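Written below as structure tokens is the structure these notes are about.
Numbers restart at 1 for each chain; the letters A, B, ... are given by sequence-line order, proteins then strands. Just so it is clear, the model here is predicted, and its values are computed rather than measured.
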2 protein chains.
Amino acid sequence: MAYDESREMYLETILILSRKSKTVRSVDISEYMGYSKPSVSRAMGLLKDGGYIEEDYREGIVLTKKGREIAENVYDRHITLTKMLEALGVDPKTAADDACKIEHFISDTTFSAIKAHFKKFGE
Amino acid sequence: MAYDESREMYLETILILSRKSKTVRSVDISEYMGYSKPSVSRAMGLLKDGGYIEEDYREGIVLTKKGREIAENVYDRHITLTKMLEALGVDPKTAADDACKIEHFISDTTFSAIKAHFKKFGE
DNA sequence: TCATAGAGTTAGCCAAGACTAACAAACTGC
DNA sequence: GCAGTTTGTTAGTCTTGGCTAACTCTATGA
């Protein structure tokens, strides 16, 4: 879990799932992301070690402050980038797929610049 | 060499170096990319197996048609994306760095849409 | 001519992040 | 209350793509 992309995807997924249902379990993440249970289990272990999530027998998997900040940041990028690509005429599926890749790699500088541009030119 | 990013970076580098000097050698790629000689050596083996490059004792490493098409496509994206980010006010280094990541991941659809948008709105 | 430098390869290692197989523990329903 | 399902973990494998160490081969120059 040294590189960001994988971690960010897991955290983003936890955020999305926590908005849909009250508790988030490993198996839900597993289904949502299409990864095997052991893969998710190990990832959760690393996220817990890193202080990004906590596990509670009642609440399931919960984002810590640190984890939530990352998740919300990535999710915000995801939504914003998807909307922008759709506004440019890209079909929704491709827009979401591409946004999902771009969201992990671009710098804050670039993201802000893109956001400002689209604000100026509208949709 | 199953995923595209690494392959595309090598091919792009070979294209760039072949425009700068007459012949391209492994060690040039090694220096340019900051990778060790064995890493480049292995990558060249895989690119050769895949039909992306050929090696000639006189000409050094040469892109095949297949390799050149990918390299030129990626390089075009790189240049275009970099220019656009710079036009949005991103500093040149960040623009180049971010373009270098984005160039490998976005679909043709998205790239075309972005290009069309910027053509319309100018810089 | 022979030493040394430079280029490239071979062999083997490592980390990240997926996977399956198999097990353990807990919850559910008859 | 016990059987069977669901959930999660452990153990170990695979692939990608880096790395170092150590070798070979070629070319150069004193």
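The nearest whole Å value for the distance from the CG atom in A:Leu46 to the C1' atom in C:dA18 is 13 Å. Remark: P of D:dC19 and NZ of B:Lys37 are 13 Å apart, rounded to the nearest angstrom. Rounded to whole Å, the distance from CZ on B:Arg7 to P on D:dG18 is 13 Å. Across the protein-nucleic acid pair, A:Met9 atom CE and C:dA16 atom C1' stand 17 Å apart, rounded to whole Å. Rounded to an integer number of Å, the gap from CD of B:Glu5 to P of D:dT16 is 15 Å. If you take CD1 of A:Ile29 and P of D:dT9, they are 11 Å apart, rounded to a whole angstrom. Rounded to whole Å, the distance from CD on A:Glu55 to P on D:dT7 is 15 Å. Taking atom CD of A:Glu8 as the reference point, atom P of C:dG17 lies 11 Å away to the nearest angstrom.
Side chain of A:Arg68 to main chain of A:Leu63: no donor-acceptor pair is present (N/O by atom type, distance under 3.5 Å, no hydrogens or angles). Of the possible polar contacts, none joining the B:Thr82 side chain to the B:Ala99 backbone as a donor-acceptor pair under 3.5 Å is found. No side-chain donor-acceptor contact under 3.5 Å links B:Lys101 to the backbone of A:His104. A donor-acceptor pair under 3.5 Å links the side-chain atoms of A:Ser18 to the main chain of A:Leu15, judged by distance alone.
At the phosphate of D:dG18, OP1 or OP2 sits under 4.0 Å from a side-chain N or O atom of B:Tyr10. For the OP1/OP2 pair of C:dT9 and a distance below 4.0 Å, the side-chain nitrogens and oxygens of B:Ser41 include at least one atom meeting the criterion. Distances shown here put every side-chain N or O of A:Ser39 at or beyond 4.0 Å from the OP1 or OP2 atom of C:dG17. Listed pair B:Tyr35 / D:dT20 fails the phosphate criterion, with no side-chain N or O lying under 4.0 Å from OP1 or OP2. Residue B:Ser6 places at least one side-chain N or O closer than 4.0 Å to OP1 or OP2 of D:dG18.
Judged by closest nucleotide on DNA chain C, B:Glu31 is the one of B:Glu31 and B:Pro38 placed further toward the 5' end.
Taking only distance into account, the side chain of A:Arg42 meets the base of C:dG17 through a donor-acceptor pair shorter than 3.5 Å.
Counting any heavy atom pair closer than 4.0 Å across all strands shown, B:Gly60 reaches no nucleic acid atom. At a threshold of 4.0 angstrom between heavy atoms, the contacts of B:Ser26 are confined to the sugar-phosphate backbone, with no base atom among them.
Terminal axes of the helix from C:dT1-D:dA30 to C:dC30-D:dG1 (five pairs each, C1' rotation axis) are separated by 10°, to the nearest 10°.
Separation of atoms CZ (B:Arg25) and OG (B:Ser30) is listed at 10.5 Å; rounding is to 0.5 Å.
Ring orientation note: the planes of B:Phe118 and A:His117 are close to parallel, at an angle under 30° on the 30°/60° scale. Using cut-offs of 30° and 60° for the angle between ring planes, the A:Phe105 and B:Phe105 rings count as parallel.
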